[in-house]
Amino acid sequence: MVNITLPDGSIKSFENIPTGLDVAKSLSESLAGNCVALELDSKIVDLNTPITQDSRIRLITTKDDEALKILRHSAAHVMAEAILHLYKDAKLTIGPVVEDGFYYDIDMPPISEDDFPQIEAEIKKIIQAKTPFERRIVSKAEAMEFYRNEPYKLELISELEDGTISLYQQGDFTDLCRGPHLPHTGFIKAVKLMKVSGAYWRADQTKAQLQRIYGTAFFNKKELKQYLHFLEEAKKRNHRKIGTELDLFSFHDEAPGMPFFHAKGINIWNALIDYWRVEHRAAGYVETKTPIMLNRSLWERSGHWENYRENMYTSVIDETEYAIKPMNCPGGMLLYDIKPHSYKDLPIRAAEIGLVHRHELSGVLSGLFRVRAFHQDDAHIFMTPEQIEDEILGVLQLVDRVYSTFGLGFHLELSTRPEKSIGTTKQWEMATDGLKSALNKYGQDYRINEGDGAFYGPKIDIHIKDALGRTWQCGTVQLDMALPERFNLTYVGKDNEKHRPIMIHRVVYGSIERFLGILIEHFAGKFPLWLAPIQTAILPINDDLLPYANDVKMKLENLSIRAEVDHRTESLNKKIRDAQINKIPLILTIGAKEKESETLSVRTLDGKVKFGLAYEEFLNRVLTHIRERKLEPLEF
RNA sequence: GCCGGCGUAGCUCAGCUGGUAGAGCAGCUGAUUCGUAAUCAGCAGGUCAGCGGUUCAAUUCCGCUCGCCGGCUCCA
């Protein structure tokens with residue numbers, strides 16, 4: 001007799017030892033058809049696992065979050081089987097589930113996406129056969145024998161403990177795997193191979209180059225379709241594409257990875273910086289600026305010469321070695337040290353929009369997201385130990401204000417002491433506790449990444465979530481216990497003794513270039529009025545009205561409203577179309593009526609038109625909307 | 001840096017198995033002077049990323065270099 005407790009607390013009894021599937025069937029046949037796995041005493045296992053003693057279980061159906069991972073893991077096995085059918089000499093390595101699907105790293109000759117249809121056809125055959133996944137536990141010796149011709153599997157097995165090794169078989173294919181898996185391959189209703197790339201065995205460049213084949217899978221075709229649609233949408237919003245279309249920035253072979261901003265791009269840039277200054281002034285920051293090139297001795301002192309050298313651009317001037325700064329902090333240390341400080345000076349919040357250069361590997365460059373030259377909206381806060389909590393809290397609140405202005409949600413992650421680190425246990429405790437208590441006071445949930453901190457101190461990373469639900473790490477608050485030490489920074493305390501200040505580095509936008517790229521994708525190029533590169537398009541109905549249109553433009557520009565006259569000899573319809581395509585939030589058409597009555601006709605991006613608007617009203621509303629940095633479109 | 005893919009006019013893209021390039025949009029010129037998402041006609045625009053090789057002949061085949069894209073790795 002086995003008693004099974006279900007999540008709702010009800011208990012079901014079975015005469016013989018049941019499997020998860022038996023339990024499901026006893027509840028309802030249709031439920032059984034949708035079950036993929038079983039949570040048995042808080043461990044997820046195969047649905048056909050025998051339940052040998054009284055237990056608490058939860059049936060996992062295709063609707064549960066865990067199910068998708070199981071599905072994709074099984075799909076990885078199916079793909080591997082299909083590939084082995086087609087490429088006899090392929091050697092399998094590992095095939096995990098990733099965020100949007102799965103991949104399998106396989107040692108085989110390079111293939112391209114052109115080979116996908118063939119593999120997908122083979123996958124389809126396997127799925128249609130509805131082959132069951134069967135688990136079997138083997139001894140280490142048996143596993144070694146089974147995989148005697150599979151070097152990668154052997155290496156994996158050698159690292160496993162005897163007694164914990166399981167194999168999963170579907171049809172003629174067997175893979176070393178912890179599981180769990182679907183009951184049978186037929187659950188995979190939609191699978192698609194996405195891309196292929198190279199990857200090294202164990203991510204080690206000295207080891208074999210493998211083919212990493214990415215795929216994704218869903219329980220139904222509709223979800224796959226939705227996912228593909230999401231990818232399409234993301235592609236449409238690609239900031240590189242929109243950046244070219246809207247004439248915001250460009251890249252040139254003469255400076256790979258270093259963006260050139262066009263006039264319209266700089267309009268957005270300046271709006272971002274203006275806003276940043278407003279918020280930082282209000283939060284008690286001062287703004288500073290340090291040089292771009294500093295000599296070697298400084299970088300030796302900061303530790304960058306030793307630890308960061310390969311990413312730094314260097315040059316010899318007057319027989320002295322210089323480096324272009326990859327970070328602003330060492331310069332910031334010098335600024336702190338220009339004079340002795342009292343505890344009464346602290347906290348000092350010194351911000352700097354610093355242009356840094358990092359020689360990133362050529363293969364990682366990617367639009368504005370990953371560049372070699374970028375601006376950090378950096379700040380160094382120097383404080384006493386007692387001030388840690390308040391200062392961190394202050395940064396979090398500032399971050400909150402700034403991100404909400406863009407309609408960006410965010411979540412927080414705390415990274416603690418890594419294995420390789422400097423400082424004493426006591427220092428780390430104090431620092432980490434300071435961050436934790438600030439986080440608790442702030443009140444939003446946060447994740448902890450144990451051991452993920454910098455070697456010089458713990459940190460809080462802020463991950464924003466854009467309109468498509470994608471997350472990006474932008475802001476970060478890092479406590480630094482190394483630099484104040486290396487630069488021997490001090491302040492004089494109440495006790496008239498010298499003390500070491502606590503220092504944090506923090507950024508809100510992170511990289512302004514990258515943040516701008518994220519905003520372009522977040523808004524799909526349709527910026528809120530205050531950010532729009534051109535805020536108003538002025539379209540004269542005919543050429544005779546061009547001088548008047550220019551007068552209107554001057555009037556707006558004098559009030560710092562960014563305006564552009566479409567002076568082309570084109571039809572009004574054409575000008576309107578182009579203004580709409582360029583996502584200009586306010587489109588003013590200028591005809592004889594407007595000129596005579598001194599009114600405006602405003603078309604907004606939703607296609608609505610308001611005629612005969614008084615200048616006063618238009619200007620008041622526009623200026624207010626801009627000043628308040630409203631997110632929603634202005635309507636008339 | 002490594003693996004794979006790619007590089008044709010300002011942009012988007014044609015150009016079959018080698019016979020020295022074409023379209024749409026944008027630009028310019030002319031006509032049209034227009035009331036809310038593309039007026040018409042014409043013109044101009046390319047050392048086919050660069051260098052080298054094979055060939056009677058290379059945008060096309062091969063090699064190298066540079067750059068871009070997707071990954072690996074790294075990171076803001």
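A note on names: the letters A, B, ... follow the listed sequences, proteins ahead of strands, and every chain is numbered from 1. Everything numeric in this text was worked out from a predicted model, so none of it was measured. Keep in mind that the numbers below use all heavy atoms, side chains included, and drop hydrogens, waters and symmetry copies.
Here the side chain of K195(A) is nearest to one of A38(B), U36(B), G71(B), namely G71(B). Each of U73(B), C72(B), A76(B) was ranked by its minimum atom distance to the side chain of A199(A); first place goes to C72(B). Nearest nucleotide to the side chain of R577(A), out of C72(B), U36(B), A38(B): A38(B). In the set G67(B), C72(B), C34(B), C72(B) carries the atom at the smallest distance from any side-chain atom of V364(A). Counting only heavy atoms from C-beta on, T244(A) has its side chain closest to C11(B) among C11(B), A76(B), U36(B). The nucleotide whose nearest atom lies closest to any side-chain atom of T569(A) is, among C11(B), A76(B), U33(B), U33(B). Counting only heavy atoms from C-beta on, F611(A) has its side chain closest to U36(B) among U36(B), C72(B), A76(B).
Across all strands shown, E513(A) has no heavy atoms under 4.0 Å from either base or sugar-phosphate atoms. At the heavy-atom level, E570(A) lies under 4.0 Å from base atoms of the strands shown. Within the nucleic acid shown, S601(A) comes within 4.0 Å of at least one base atom, counting heavy atoms only. E594(A) comes within contact range of at least one nucleobase, with a heavy-atom separation under 4.0 Å. Within 4.0 Å (heavy atoms only), K593(A) reaches at least one base atom of the nucleic acid. Among the protein residues, L545(A) comes within range of no part of the nucleic acid, since none of its heavy atoms lies under 4.0 Å from any strand. Counting any heavy atom pair closer than 4.0 Å across all strands shown, D543(A) reaches a base atom. Note on R212(A): only backbone sugar-phosphate atoms sit closer than 4.0 angstrom, heavy atoms only; bases stay farther off. Counting non-hydrogen atoms under 4.0 angstrom, A579(A) reaches nothing in the nucleic acid. G354(A) comes within 4.0 angstrom of nothing in the nucleic acid, heavy atoms only. Residue V371(A) is in base contact, counting any heavy-atom pair closer than 4.0 Å across all strands shown. The residue R372(A) sits apart from the nucleic acid: no heavy atom pair falls under 4.0 Å.
Under 4.0 angstrom from either OP1 or OP2 of G70(B) there lies at least one side-chain N or O belonging to R240(A). Regarding contacts with the backbone of G1(B), a side-chain N or O of S362(A) is found under 4.0 angstrom from either OP1 or OP2. Applying the 4.0 Å criterion to OP1 and OP2 of C72(B), one finds that Y214(A) has a side-chain N or O inside that range. OP1 and OP2 of U33(B) both lie 4.0 Å or more from every side-chain N or O belonging to K574(A). Between R603(A) and the phosphate of G35(B), there is no side-chain N or O to OP1/OP2 separation shorter than 4.0 Å. Within the structure, every side-chain polar atom (N or O) of S571(A) is placed at least 4.0 Å from both OP1 and OP2 of C34(B). Residue R568(A) places at least one side-chain N or O under 4.0 Å from the OP1 or OP2 atom of G27(B). Remark: N573(A) is in phosphate contact with A38(B), judged by side-chain N or O atoms under 4.0 Å from OP1 or OP2.
A 3.5 Å limit on both hydrogen-bonding distances identifies G22(B) as the Watson-Crick or G-U partner of C13(B).
In terms of heavy-atom proximity, L361(A) sits nearest to R372(A) at C-NH2, 3.8 Å.
H239(A) pairs in a ring pair (Phe, Tyr, Trp, His ring centres under 6.0 Å) with only one of the listed residues (F369(A), F523(A), W472(A), F515(A)), which is F369(A).
Ring stacking holds between F374(A) and A76(B), with the centres under 5.5 Å apart and the planes within 30 degrees of each other.
Here R603(A) contributes atom CZ and L586(A) contributes atom CG; the two are 12.5 Å apart, rounded to the nearest 0.5 Å.
For the P atoms, the distance from A31(B) to A37(B) is 27 Å, rounded to whole Å.
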